[in-house]
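Everything on this sheet refers to the single structure shown next.
Here the structure is a predicted model, which means the values were calculated and not measured. Positions are given from 1 along the sequence.
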Amino acid sequence: MKNFKFYNPTKIFFGSDKLNVLGSEILKYGKKVLLVTGQGSVKRIGLYKKVVKILEKNDIKIYNLEGVEPNPRIDLVRKGTKIAKEKKIDIVLAVGGGSTIDTAKTVAAAVKYDGDPWEMFDKNNDPVAALPIATVLTLAATGSEMNNGAVISNKIENRKLSIHSDVLFPKFSVLDPTITFSVPQKHTIYGIIDITAHVLEQYFTHVKEVPLQDRWAEGIILTLMEESKKVLKNPKDYDSRANILLCSTMALNGLLAMGVEDERTTHPCHKLEHELSAYYDIPHGAGLSILLPNWLDYVMKNDISKFVQFGNRIFGLDVNKLGEKYTATEGIKLLRKWFKEIGAPLSLSYFNIGKEKFEEMADNIAPVGGYMELNKADIVNIFNMAL
Ligand code: NZQ
Ligand code: ZN
């Protein structure tokens with residue numbers, strides 16, 4: 001096991017009545033809130049009204065930043081930063097999914113950053129200070145509600161990049177499974193795939209002898225496989241939504257990374273996916289669904305042993321009867337089969353994406369580390385496998 005630092009200060013309020021803590025928790029940081037929301041779902045489901053009512057009851061003044069798009073843009077961050085500076089905001093509250101949270105985090109950091117906020121991303125200037133951040137999560141997927149990262153897109157430059165810093169951990173997050181009842185089926189599926197990718201990109205590591213981390217990861221995958229079927233049948237199944245929500249938060253809050261890899265070298269498949277969303281504006285989870293099985297097939301040649309364990313422990317394949325090679329490859333086949341069963345896309349043709357930009361996208365990110373070091377040609381090969 002590698003040496004590691006574990007730090008996670010985010011307070012989690014989990015359950016169906018936890019929105020009520022919002023007033024008292026926000027007041028610990030001040031009375032002026034920048035309320036960041038997406039493209040209208042929070043209003044449609046009545047959540048916005050509830051949040052406003054609680055804040056107003058506590059004499060908290062609200063300034064709005066609305067309209068965060070999936071694959072959130074730096075332009076809206078700039079707008080939010082201007083409001084936050086002018087109004088002397090005390091705390092930035094995101095009510096939404098990963099895109100809304102990442103916008104809120106970036107605004108909170110940009111207020112304290114001397115320069116254009118995009119520099120934090122393209123010059124690797126991770127923030128050193130930020131306003132306090134809080135979240136009410138509406139979609140189980142990214143883990144942003146309990147981690148120190150934010151991912152933002154720049155459409156002019158076709159780039160989608162991340163920042164990481166301890167100052168980006170939310171002070172607290174409200175995780176109410178009933179709020180996720182209304183997540184449309186396709187976003188529920190994409191969320192499940194995103195969680196799966198977070199887990200597997202940390203599971204497939206060259207660090208050996210990490211049995212506890214392996215079993216945490218396998219526990220999350222097995223839970224997702226069971227709960228995904230239930231939630232797709234009944235989107236208002238409280239326990240399934242709760243279990244998936246907990247999986248999402250635990251998948252990317254530092255737990256699985258302990259002793260395994262550094263944040264910047266893990267998530268190689270994510271680096272490939274961020275190129276797809278940057279160029280083609282497709283949902284993050286959909287891009288991962290297409291790339292993840294191909295990335296796994298490709299890197300398997302580097303070391304088959306973890307793949308044998310995966311096939312055995314996740315799908316019950318008997319390596320003594322089936323042999324190592326079969327167990328390893330069949331495990332990834334069965335992963336693909338599960339993706340297909342829940343209705344996740346498996347090929348770039350689903351979005352009419354061809355090979356035109358593969359070289360350019362690979363150039364942007366090569367080399368990519370992780371289970372196997374990928375050079376430009378490897379990355380192009382993986383994109384080609386996904387056609
Ligand atoms: O915009 P609104 O109207 O709110 O609708 C959203 C959006 O259309 C909708 N939605 C969310 N909650 C809902 C709901 N609709 C009905 N009821 C609800 N309760 O779902 C759609 C997708 O929302 P979005 O926030 O884009 O999805 P997600 O949470 O998957 O976030 C994706 C973004 O997070 C980044 C991704 O790259 C992508 O940009 N990531 C952030 C990470 C992090 N900060 O740690 C790590 C991840 O790997 C990921 O890269
Ligand atoms: Zn992700």
Side-chain angles (χ1 to χ4, degrees), residues 1-4 193-218 220-221 251-252 256-276 287-320 322-339 346-348 355 358-359 361-387:
M1 197 189 303
K2 280 187 159 188
N3 297 343
F4 65 91
I193 301 291
D194 191 20
I195 305 165
T196 304
H198 295 158
V199 173
L200 293 187
E201 288 180 59
Q202 294 170 98
Y203 181 79
F204 287 100
T205 159
H206 8 240
V207 183
K208 307 265 185 201
E209 300 304 328
V210 283
L212 179 59
Q213 294 89 322
D214 282 356
R215 289 189 171 91
W216 282 334
E218 289 155 4
I220 294 177
I221 299 295
L252 199 60
L256 302 181
M258 279 188 207
V260 167
E261 283 288 358
D262 168 64
E263 254 161 24
R264 291 211 180 265
T265 59
T266 50
H267 300 100
C269 190
H270 264 63
K271 294 203 176 77
L272 273 62
E273 195 297 310
H274 285 167
E275 289 302 304
L276 281 185
L288 286 170
S289 176
I290 294 164
L291 290 176
L292 186 74
N294 292 302
W295 171 72
L296 289 166
D297 278 341
Y298 197 82
V299 301
M300 190 186 295
K301 60 187 169 213
N302 196 46
D303 178 2
I304 206 172
S305 58
K306 201 64 174 272
F307 285 85
V308 174
Q309 178 177 298
F310 177 78
N312 174 253
R313 292 199 189 158
I314 301 297
F315 294 107
L317 300 170
D318 184 346
V319 61
N320 294 325
L322 301 169
E324 290 202 335
K325 181 92 201 294
Y326 185 89
T327 305
T329 49
E330 189 66 12
I332 304 309
K333 251 192 216 161
L334 291 170
L335 180 75
R336 239 192 210 101
K337 185 164 170 264
W338 169 51
F339 283 10
L346 289 171
S347 141
L348 288 170
K355 50 171 67 176
F358 287 177
E359 299 269 334
M361 295 193 297
D363 264 333
N364 288 339
I365 51 173
V368 168
Y371 200 64
M372 173 181 152
E373 170 103 358
L374 304 171
N375 61 26
K376 180 182 169 185
D378 294 318
I379 296 167
V380 171
N381 285 341
I382 294 171
F383 284 139
N384 271 315
M385 286 162 72
L387 276 169

Evaluate Glu330 against Leu322 for side chain to side chain contact (heavy atoms under 4.5 Å, CB included), listing each step before the verdict.
CA-CA 10 Å; Glu330 189 66 12; Leu322 301 169; over 6 Å; no
Residues passing the side chain to side chain contact (heavy atoms under 4.5 Å, CB included) test with Glu324, sequence neighbours excluded, are Ile304, Val308, Val319
Identify the two heavy atoms, one from Asn294 and one from Ile290, that lie closest to each other, and give their separation to 0.1 Å.
ND2-O, 2.8 Å
Once rounded to the nearest 0.5 Å, what's the spacing between atom CZ of Phe307 and atom CG of Asn302?
9.0 Å
Is there a side chain to side chain contact (heavy atoms under 4.5 Å, CB included) between Phe310 and Leu296 once you walk through the steps?
CA-CA 11 Å; Phe310 177 78; Leu296 289 166; 6.0 Å; no
Is there side-chain contact between Leu272 and Glu275, with at least one heavy-atom pair below 4.5 Å?
no
How would you list, by chain and number, every residue that makes a side chain to side chain donor-acceptor pair (under 3.5 Å) with Asp297, sequence neighbours excluded?
Arg336
Which atom pair, heavy atoms only, marks the closest approach of Leu348 to Phe383?
CD1-O, 3.8 Å
Within-4.5 Å side-chain heavy-atom neighbours: Lys306 and Thr205:
yes
Would a distance-only check, ignoring hydrogens and angles, find a side-chain to backbone donor-acceptor pair under 3.5 Å from Glu201 to Cys269?
yes
Do Phe358 and Ile379 pass the side chain to side chain contact (heavy atoms under 4.5 Å, CB included) test, and can you show the C-alpha distance, the side-chain angles, and the key distance before you say yes or no?
CA-CA 8 Å; Phe358 287 177; Ile379 296 167; over 6 Å; no
Say whether, by atom type as modelled, one donor and one acceptor occur between the side chain of Gln202 and the main chain of Val260 under 3.5 angstrom.
no
Rounded to the nearest 0.5 Å, how far apart are CG of Leu252 and NE2 of His267?
5.0 Å
Check: Asp303 main-chain N/O paired with Tyr371 side-chain donor or acceptor under 3.5 Å
yes
How close do Ser289 and Pro293 get, counting heavy atoms only, and between which atoms?
O-CD, 3.2 Å
Distance from Gln309 atom CD to Ile314 atom CD1, nearest 0.5 Å?
9.0 Å
Sidechain-backbone polar pair: Asn312 side chain, Leu317 backbone, donor-acceptor under 3.5 Å
yes
First locate atom CE of Met385, then atom OG of Ser347, and finally report the distance between them rounded to the nearest 0.5 Å.
12.5 Å
Is the shortest side-chain heavy-atom distance between Val299 and Leu374 below 4.5 Å?
yes
For Glu373 and Pro367 the tightest heavy-atom approach is OE2-CB, 3.4 Å
Is Lys301 close enough and on-axis enough to Tyr298, meaning under 6.0 Å and within 45°, for cation-pi?
yes
Does any non-hydrogen side-chain atom of Val207 lie less than 4.5 Å from one of Gln213?
no
Nearest 0.5 Å, please: how far is NE2 in His198 from CD1 in Ile195?
8.5 Å
Apply side chain to side chain contact (heavy atoms under 4.5 Å, CB included) to residues Lys271 and Asn364 and explain how you reach the verdict.
CA-CA 10 Å; Lys271 294 203 176 77; Asn364 288 339; over 6 Å; no
I need the minimum non-hydrogen distance between Val210 and Gly259, along with the two atoms involved.
CG1-O, 4.2 Å
Please say whether more than 12 non-hydrogen atoms of neighbouring residues, nucleotides or ligands are located less than 6.0 Å from OH in Tyr326.
no
What heavy-atom pair brings Gly370 and Pro268 nearest, and what distance separates the two atoms?
CA-CG, 4.1 Å
What distance separates Leu291 CG from Leu346 CG, expressed to the nearest 0.5 Å?
11.0 Å
Sub-4.5 Å side-chain heavy-atom contact between Ile221 and Tyr203:
no
